[in-house]
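What follows is a set of notes on a single structure, which appears directly below.
Naming: A, B, ... by sequence-line order, numbering from 1 per chain.
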Amino acid sequence: MSEPAIELKGISKAFGPVQANKDISIRVMPGTIHGIIGENGAGKSTLMSILYGFYKADKGEIFIAGKKVAIPDSQAAIAAGIGMVFQHFKLVENFTVLENVILGAEDGALLAPSLRKARKELTELAAEYELNVDPDALIEEIGVGMQQRVEILKALYRQADILILDEPTGVLTPAEADQLFRILHRLKDEGKTIILITHKLREIMDATDTVSVMRRGEMTATVKTSETSPQELAELMVGRKVLLRVDKTPAQPGKKVLEVENLRVIDSKGVERIKGISFEVRAGEILGIAGVAGNGQSELLEVLGGMENGTGTIRVNGQELDLTGKFSDARSRRKRGIAHVPEDRQREGLIMDFKAWENTAFGYDDDDAYQSGILMDNTAIRQDAEGKIERFDVRPANCDLEAKSFSGGNQQKLVLAREIERDPDLLLIGQPTRGVDIGAIEFIHQQIVALRDKGKAILLVSVELEEILSLSDRIAVIFDGKLMGERLPANTDEKELGLMMAGMTGEDA
Amino acid sequence: MDYLTVLQILDSALRLATPLLFACLAGLFSERAGIFDIGLEGKMLIAAFFSAATAFSTGSVWLGLLAGVAASLALSAIHGLASITFRGNQLISGVAINFLASGLTVLIGLSWFKLGGQTPALQGDARFQGIDLPLAETLSGVPVLGPLYAEVLSGHTFLVYVALLCVPATWYILYRTRFGLRLRAVGENPAAVDTAGISVVGLRYAAVAICGVLCGLAGAYLATGLGASFVKEMTAGRGYIALAALIFAKWRPWYALYATFLFGLLEAISNRYPSLDLGVVTLPSQFMQALPYILTVVILAGFVGKATPPRAGGEPYVKER
Amino acid sequence: MEQLPKWADLIVVPLVGLIMAFVLSMLMVLVTGHDPMQALKLMVSGALGSTYGWGYTLYYATNFIFTGLAVAVAFHASLFNIGGEGQAALGGLGVAIVCLFIPWPHWSIALVAASLAAGLFGALWALIPAYLQAKRGSHIVITTIMFNFIAASLLNYVLVNQLRPKGSMDPATAKFPEPSHLPSLGDMLNAVGIPFAKGTPANVTLIVALLACVFVYYLIWRTRLGYQLRAFGKSQPAAVYAGINPVKITIITMMISGALAGLMAINNVMGEAERLILGSVEGAGFIGIAVALMGRSHPIGILFAALLFGALYQGGAELGLWTSIPRELVIVIQALVILFTGALDNMVRSLVAKVLVRPKKVEV
Amino acid sequence: DPAIIFDLGGKFDKSFNEAAYNGATRWAEETGGKFAEVELQSDAQREQALRRFAEAGSNPIVMAGFAFGNALGEVAGDYPDTSFVIIDMVVDAPNVRSVVFNEHEGSYLVGYMAAQTSKTNTVGFIGGMDIPLIRKFACGYAQGAKAANPDTKVISNMTGTTGAAWNDPVKGGELTRAQISQGADVVYAAAGGTGLGVLQTAADEGILSIGVDSNQNYLHPGKVLTSMMKRVDNAVYNAMKDGPGLETGFNVMGLANEGVGYSMDENNAELVSDDLKATVDAVAAKIISGDITVHDYMSDETCPSLTF
Ligand SMILES: Nc1ncnc2c1ncn2[C@@H]1O[C@H](COP(=O)(O)OP(=O)(O)OP(=O)(O)O)[C@@H](O)[C@H]1O
Ligand SMILES: Nc1ncnc2c1ncn2[C@@H]1O[C@H](COP(=O)(O)OP(=O)(O)OP(=O)(O)O)[C@@H](O)[C@H]1O
Ligand SMILES: [Mg+2]
Ligand SMILES: [Mg+2]
């Protein structure tokens, strides 16, 4: 057997009191795709960041191609042929693609020659790996999928032999994900070594050669992918049996809760993002909106949630909503019984610096139960929060921790607890399980279904087709600000939906 | 208002804008790298002192310039230590630096010259002299543009031209060099710079150092170019105005020139018209003195949109909480 | 970053920073040819060693509490109010108008009225920058700086041309009538039998300042408004998601901030000078920035930071009185204190941590 | 021992406070005595300093500046055995000597000289801040200038409205240039540290300037026409010499008792012709005799020769 491309021995890393990695050892063979799975907060990103020189390990050794190396910073990692695509991209938002690619890998003191050379090389790389991006586009103006390509291009431009991808598909559409895996396979065929962190067992099963499982800072197992099953991996990860399919009974639709007629939204730049759409959601059903990110589903949620203005008619329980005036804000929507789990929990759904208990009142701070006279009744809020944290199994169950100290899955549970326990007539929910581990996904899906079964209307927006298919009672596909049509989950599949998401009507498909 | 008056006002505006321009560009480098600096004032002040003191003692304005820059750099080093190495609060550090400069200049001045914290007046080679640009005399006959060249552009001290050259230079460095790319990146997203294998700390120190040099030039210009001695607190709030100009300029070099020139112009106008008789009412001198500030607010509210500061500005780069 | 026990973070670190600042300062005293021990003793005993010293220390501290709170409230909403100087100056104008033109039967009523006027004037002076920030996106830092200058001009005009008694050399208003004079701390304490030096400027406003601390505490951490302004300060997109109106919050926050700065005037204008003089704010608006930052924008922290600065002012005055140490040295000491307890606190913390903490790890 | 308290500008303000300081040091040098001193940083320290010195037994206590009026009014009565001397302000108390200067008279003289010297019939005035005291200077100056030549144009500028107005030589210089471009060829600065910039720029630009408070002719020999002398130093010197129990009451220092005047020395000997000197001295004599009345801005707060 040949020398492992990467070998980590006894890596330990603590962040203050948090032991993120405990004595971890791992071997990755060259020319393979090696998966790493684990719950949120298990320490996957930390381990990879150490390998990339972003964090310094407290203990442990790193061997690259059999040679012991010191990786005190990313420069050393790059020199050792390692490239990494972080979970949260490390791009300069107001730089162009080209500038981001050459940053740190410039050829001389002046930019122009570097840019020229990079432009040429980028075209070559693009041709070779189907990694097409507009080199002059600004990062903040391209979608996440494109941004990820830029990250991969950055690594390839630096001639990485070892590529680490941390949850690369969390933000991708199915088509984009498929393409990513094609690229990864091509890279693998060229002899490059790839480490892939993901929460999606299907990706592990489809793409990897070996897989390591992490739990609470420790490496619990490394197995050959061909010799394991999703069920086994899930159990290794979570430490208990996990239901991988959503368990739900057929919907019992009731009266119309949400009626949307000819809704239009024009954004601050004057671009029409929603071009006249109409649909309805009834009590006791989940309407899933499928679509490639950026086709208007975010705006749809924002208008409904009172974060943006629009024109047209929206009725909730038969009463028309104010879309532009004094009552068009999010607070008025809540008073109308609309709860909203936003797509971006860290930017919108939570105040990351607030304690968990403060966050459970976020948006509902005017609730009578939270007031005592002119002051807020913090004791009441806290008690309320403790209940929510317990019922939604938020871990750690400490409502005095700041939101940023929770892992992504647990942050999402905090938001869900807050919104679902309001017992809303209509729940708007965007990307409910983005970046969330499978244990938590299972739980979150159960909660959504339970709310539906209580006779509430739910509008689900997700880029995960699998999620849409398994949760929705009806599916609508959005493309370019228009609805392409509706399907019942039983009568459609990912392929058809995928085509509709690409703008082809059912008839074309 | 005749043409000559206009020229004279422009001439004055250029002089008044120069220290602001230096300081504004200084702030630009620092803030573009993500380090907020409200200590521009203090750095200018200490540079003004050391440049005047050294120029007087050695008789050479060049040595004075050097000393001023060095003093300003020393304060920059403190700011860097506090805000980069020890990840302290950049605003507090700036406040401290302003106090430090205000106290130290007088304290040192007292024991050095025994003149109550001032330096003696500078003469001859101890101060910058006006430079007549080539052909100023000959061209002044050319209608309209000739006088503009001869009156407004020509005849300033060396540092005025340096300041003007600093604008394209800054633009070039920022947008056309590797260093500039990295500098801008580190102010927007230090993690991106870090993971690209570049030292965030090194870059930020470099930016803070450039800031120090430019503040040094600003201070030296005040004491040895525009004036000819150091007087305590002689920066008179120009560091804060430069800061305002920087935001006004949206952290961009050419805009910095326009913004500081606008401030200079408004001040020159209010200097020229200490009180304005409008026929119906006479605007009192206090109003005319406030006019530059009032107009700034009006312009800001009316014409300048939202300015987005460098995204990582003011935040120390902390990887591990 | 090293984890320190909370008590060490709150007490040991600032204390060590303070000691370092003073060691350095005393070195400077030595270098400039004076006796550092004498200077230190003078400063400490002058500021804290007698009720007389306290009478001044507390007076200055009162000013700084107000301006510190003003900066802090705005900070919580991510607004950097550098305009405390101008807002306090306008507050002084409000106080002067109320005290000069309305005959008050008793100081307590005058105090209430003057507080309202001071707060209102300060708030209104903050309103325009706030409005421009909220509606037009004009950067609040520039506009508040500009408004400081405009306030100075306005006061200069008003004092020289309007409110100055005819024939007076002093660009200041007339003395406020007797009934509006506030009782000094000495008067009040002596009345209840606690000996306290008379003739010091600390006055009943100190109590108002302490109330303001309590008010700000409740405002920020216990009211809905505080909740919303903190949320807005931490994340604007999230605030919109929660239905918090950014325009409203910006304006209200800045007005509260301006009102707090304006309230300073009841201390220095009404309580101490008993008339409005030119330049009465004396930079307290800027010190407020340092105080708020050092006090970590928390009323208790601000209280201590304000006391520290008050003591430095008064200790510095004693130095000036009894030694030939130039007053600029006091400014340098202030600078070093700000530097070591404020900006370099992480350096101090890591030093303290080296001594205090043996690394121990908690399992998760 | 006597004590002296300097105003917020500090004892080295190159003008008023510094003159006071010079008077005190002259006294100390001549008598070998010692005096206590303090430079204030805050308005609240006025009363504090007065009381602290009085309690410590300093006597007499001299203070420089009109801003002390209020504080002294409060304090004087509490220390009947201490003598106080206040400059530039009148405080009516049995143990206070109030020294005021007829700055308008001195300013009239230098204004007269300015107008006589000016070739452009335009003279300038640059004040620190627009406060009554400075208007008093400006008003006397303008009147003198107009008296010398009714066609004289007087341009007046104030530097600023914050404390920085007294310490901004750069702005002083720029104001000077602005006045030069409007034709001024003599400028009079009454602006503390800002005035240094005025004198400097005037010298650089080849026009004449007039100093203030103390004799500033030496700063730019041959370029400073004269200085309006305000003998604060004498007032302080006399107070200290008179010692405890000095004669109290109201002291007006004018031309008559050489409290104000214009300075002549080797530095400006060539600038002021004997003719001019003789004329000015004659004017001075007329002011002293009452043949010429110089309008005091403070008397009715108007200025016939200048608008502010
Ligand atoms: N920079 C940091 N400072 C402090 N603590 C950190 C830091 N980064 C991670 N942690 C903590 O270390 C632990 C491991 O985090 P890590 O990001 O490695 O988990 P992960 O397995 O990647 O989780 P996820 O699936 O949510 O991405 C967590 O408890 C996390 O809160
Ligand atoms: N057209 C509208 N669109 C959206 N929300 C609205 C609209 N009109 C009212 N609301 C929101 O619904 C809430 C309930 O409104 P409604 O007027 O029916 O009840 P209310 O008892 O009068 O409420 P309140 O006491 O707050 O006035 C309002 O407070 C407002 O926030
Ligand atoms: Mg991770
Ligand atoms: Mg109603």
Side-chain angles (χ1 to χ4, degrees), chain B residues 38 42 78-79 81-83 85-111 117 232 237 240-241 243-248 284-294 296-297 300-302 304-307 309 316 318 320-321, chain C residues 1 28 31-33 80 82 128-129 131-132 135-139 141-158 160-161 286-287 289-290 292-294 296 325-350:
Chain B
I38 51 176
I78 295 180
H79 191 51
L81 195 70
S83 50
T85 305
F86 288 108
R87 301 175 194 144
N89 185 308
Q90 299 168 9
L91 296 175
I92 307 189
S93 170
V95 171
I97 282 170
N98 287 341
F99 275 100
L100 201 59
S102 149
L104 278 182
T105 46
V106 179
L107 219 51
I108 300 171
L110 272 174
S111 59
K232 70 171 179 179
Y240 292 100
I241 299 287
L243 214 57
L246 177 60
I247 300 171
F248 214 156
S285 69
Q286 288 90 349
F287 180 83
M288 291 306 291
Q289 262 150 12
L291 197 62
Y293 310 116
I294 295 172
T296 302
V297 174
L300 207 59
V304 183
K306 237 194 179 89
V318 186
E320 307 184 13
R321 262 172 279 115
Chain C
M1 198 104 339
M28 298 232 22
V31 170
T32 50
F80 190 15
I82 318 200
I128 306 169
Y131 177 85
L132 293 177
K135 283 283 194 189
R136 316 271 332 172
S138 318
H139 206 293
V141 168
I142 318 185
T143 45
T144 50
I145 291 179
M146 296 300 134
F147 266 67
N148 285 340
F149 286 105
I150 300 172
S153 289
L154 179 65
L155 260 93
N156 188 302
Y157 177 77
V158 169
V160 172
N161 297 313
F286 289 108
I287 304 262
I289 297 172
L293 290 166
M294 284 172 60
R296 299 291 182 262
I325 292 175
R327 60 179 177 171
E328 283 75 17
L329 190 69
V330 179
I331 300 179
V332 173
I333 297 178
Q334 270 176 30
L336 293 172
V337 169
I338 298 174
L339 198 62
F340 281 95
T341 61
L344 284 172
D345 61 339
N346 284 333
M347 179 181 86
V348 178
R349 184 168 295 122
S350 66

Point-to-point distance, once rounded to the nearest 0.5 Å, from CG of B:Leu81 to CG of C:Asn346: 11.0 Å
Proximity breakdown for B:Leu246 and chain C, heavy-atom pairs closer than 4.5 Å: neither
Interatomic spacing from CE in C:Met294 to CG in B:Asn89 - rounded to 0.5 Å: 11.0 Å
Which portion of B:Ile294 sits near chain C, non-hydrogen atoms under 4.5 angstrom: both
B:Ala244 versus C:Met146, closest heavy-atom pair with distance: CB-CE, 3.7 Å
Engaged part of C:Phe147 at the chain B interface, taking heavy atoms whose separation is under 4.5 Å: side chain
Heavy-atom closest pair, residues B:Val95 and C:Ala290: CG1-CB, 4.0 Å
Interface residue of largest heavy-atom contact number with chain B, from C:Leu132, C:Leu339, C:Ile150, under 4.5 Å: C:Ile150
Contacting moiety of C:Asn161, where chain B heavy atoms sit under 4.5 Å: side chain
Segment of C:Leu329 engaging chain B (4.5 angstrom heavy-atom cut-off): both
Euclidean distance, C:Ile142 CD1 relative to B:Ile241 CD1, rounded to 0.5 Å: 10.0 Å
Any C:Met28 side-chain heavy atom under 4.5 Å of B:Leu107 side chain: yes
Chain C contacts, top residue of B:Ser111, B:Ser93, B:Ala301, B:Gly88 (heavy-atom pairs, under 4.5 Å): B:Ala301
Proximity breakdown for C:Ile287 and chain B, heavy-atom pairs closer than 4.5 Å: side chain
Distance (rounded to the nearest 0.5 Å) between C:Ile145 CD1 and B:Ile38 CD1: 8.5 Å
ring-ring contact (aromatic ring centres under 6.0 Å, His included) assessment of B:Tyr240 paired with C:Phe149: CA-CA 11 Å; B:Tyr240 292 100; C:Phe149 286 105; 8.4 Å; no
Nearest-0.5 Å distance, CD1 of residue B:Ile92 to CG of residue C:Asp345: 6.5 Å
Largest heavy-atom contact set with chain B, pairs under 4.5 Å, which of C:Ala152, C:Gly342, C:Ala335: C:Ala335
Heavy-atom contact with chain B under 4.5 Å, split by part of C:Phe80: side chain
Point-to-point distance, once rounded to the nearest 0.5 Å, from CG of C:Leu344 to OG1 of B:Thr85: 9.5 Å
Between B:Gln90, B:His79, B:Gln286, the one whose heavy-atom pairs under 4.5 Å with chain C are most numerous: B:Gln286
Contact class of B:Ile78 relative to chain C, heavy atoms under 4.5 angstrom: side chain
